[in-house]
Each structure stands twice: as structure tokens, then as C-alpha cells.
Amino acid sequence: MSAYKKIECEIVDKETLLEALNLLGFSPDVLNEPKSLKGYRGDERKEVAHVIIPRDQVNKFTGASNDIGFFWNEADQKYSFILSDYDKKMHMDQRIIQAYVKVAIEKALVKNGFKIKVNINDEDFLKRTISEMEIVARKII
């Protein structure tokens, strides 16, 4: 049984998080009240989350995953990112953070009138391997 860990990151916007998860092909459960995460055998864990990626969806990248969760921390005004040792070893934290950063940066650049070029197509996020991402932004002043 893999232990769950909290990943240090700045996930502060629910809409951006959901767009990033969708980019990865996930349809997470979005809850008003937090619910327990489940391990790879379906066992209920003590960790709870408001946004949960069910383990069967994560399996397309890893093979034998646990649920991945995001718990809204009202005091800090950001999400705590919760995933298992196994899923961390399979780089799911990096994959999700990369997608979140892509969506957040693109939204900010578009809002400020920049043209964007990204070296990774959205379809590349669905592959089992992670690629380095490069974003180039231009604005004519």
C-alpha cells in the first residue's frame, strides 16, 4: 500500500485546475464536501479531497494507481495536492503541474494580448511520456 504525500505547489484556481486535468484526459469528481481517496485496490484512505481523479483514469498513465486528490485549503486559499508514493514515482505530480502551468500561463498571456507558441500540442499531454514544454509569447507594441 502506497502512502499518500502532499506536493508543494501553487494551485489556486479551480477553473484552471479543471482545464489542466481535462487537458490530460481526466474527468475528475468535483465535490462541495471532501471525500476519502481510494487506494489502487479500492480501499478507502484517510486523506480527503474536493477534486478527485479516480484511479481508473490515472491508470492510463501508470497501470496501477491510487486516486489523486486536491483539497481546498481555505486558510491558505490554495489546493493541497495529494498523491501516493507510487504515483509520484510515476511522475504524475510533474505531469499535472506541467498541464496546470501551461493553462495558467496561456490564460494570462491571452488576457494581456500576447500571441502564444507552444512546442507541445495538447494531444502530446495524453502520451505516457512527459516532454519538456517551451512557451514563446509575442506582443507588438
| Interatomic spacing from CZ in F70 to NZ in K14 - rounded to 0.5 Å | 13.0 Å
| Test side chain to side chain contact (heavy atoms under 4.5 Å, CB included) applied to L37 and N66, step by step | CA-CA 8 Å; L37 298 176; N66 304 278; over 6 Å; no
| Quick one: are I52 and L31 in side-chain contact, heavy atoms under 4.5 Å? | yes
| Quick one: are I53 and I96 in side-chain contact, heavy atoms under 4.5 Å? | yes
| field | Distance, nearest 0.5 Å, that separates CD1 of I97 from CD1 of I11 | value | 6.0 Å
| query | Do L17 and L21 have side-chain heavy atoms sitting under 4.5 Å apart? | reply | yes
| query | What distance do E10 atom CD and D76 atom CG have between them, rounded to the nearest 0.5 Å? | reply | 8.5 Å
| Taking all non-hydrogen atoms of both residues, which atom of G69 and which atom of A49 are closest, and how far apart? | CA-CB, 3.6 Å
| message | So S65 and Y40, do their side chains get closer than 4.5 Å, heavy atoms only? | response | no
| How would you list, by chain and number, every residue that makes a side chain to side chain donor-acceptor pair (under 3.5 Å) with N59, sequence neighbours excluded? | none
| query | Does the side chain of V118 come within less than 4.5 Å of M133's, by heavy atoms? | reply | yes
| Checking R55 side chain against G39 main chain: does a donor-acceptor pair fall under 3.5 Å? | yes
| N22 and L18: side chain to side chain contact (heavy atoms under 4.5 Å, CB included), yes or no, with the steps? | CA-CA 6 Å; N22 184 265; L18 295 176; over 6 Å; no
| field | Distance (rounded to the nearest 0.5 Å) between L83 CG and M90 CE | value | 12.0 Å
| said: Applying side chain to side chain donor-acceptor pair (under 3.5 Å), can you list everything that pairs with E134, at least two apart in sequence or on another chain? | reply: none
| message | Between F26 and F61, is the ring centroid distance below 6.0 Å? | response | yes
| remark: One should read off an interatomic distance between K35 NZ and D29 CG, to the nearest 0.5 angstrom, of 5.0 Å
| message | Counting C-beta onward and ignoring hydrogens, is there a side-chain heavy-atom pair between D93 and F81 closer than 4.5 Å? | response | yes
| Under 4.5 Å between any side-chain heavy atoms of I135 and L109, yes or no? | yes
| field | Ring geometry between F71 and H50 (parallel below 30°, tilted from 30 to 60°, perpendicular above 60°) | value | tilted
| Are more than 12 heavy atoms from other residues, nucleotides or ligands located less than 6.0 Å from atom CD of Q77? | yes
| message | So which atom in S27 and which in P54 form the shortest heavy-atom distance, rounded to 0.1 Å? | response | O-CD, 4.3 Å
| Going through the distances and angles, do Y79 and N73 end up as a side chain to side chain contact (heavy atoms under 4.5 Å, CB included)? | CA-CA 6 Å; Y79 283 94; N73 185 323; over 6 Å; no
| query | Under 4.5 Å between any side-chain heavy atoms of D87 and V58, yes or no? | reply | yes
| request: State whether the number of non-hydrogen atoms from other residues, nucleotides or ligands found under 6.0 Å of K139 atom NZ is greater than 12. | output: yes
| Tell me, which pairs form a side chain to side chain donor-acceptor pair (under 3.5 Å) where one or both residues lie in residues 97-115, sequence neighbours left out? | E15-K107, T16-K107, E19-K107, K102-E106, K102-D122
| field | Atom pair OG (S36) and CD (E44), whose distance is rounded to the nearest 0.5 Å | value | 4.0 Å
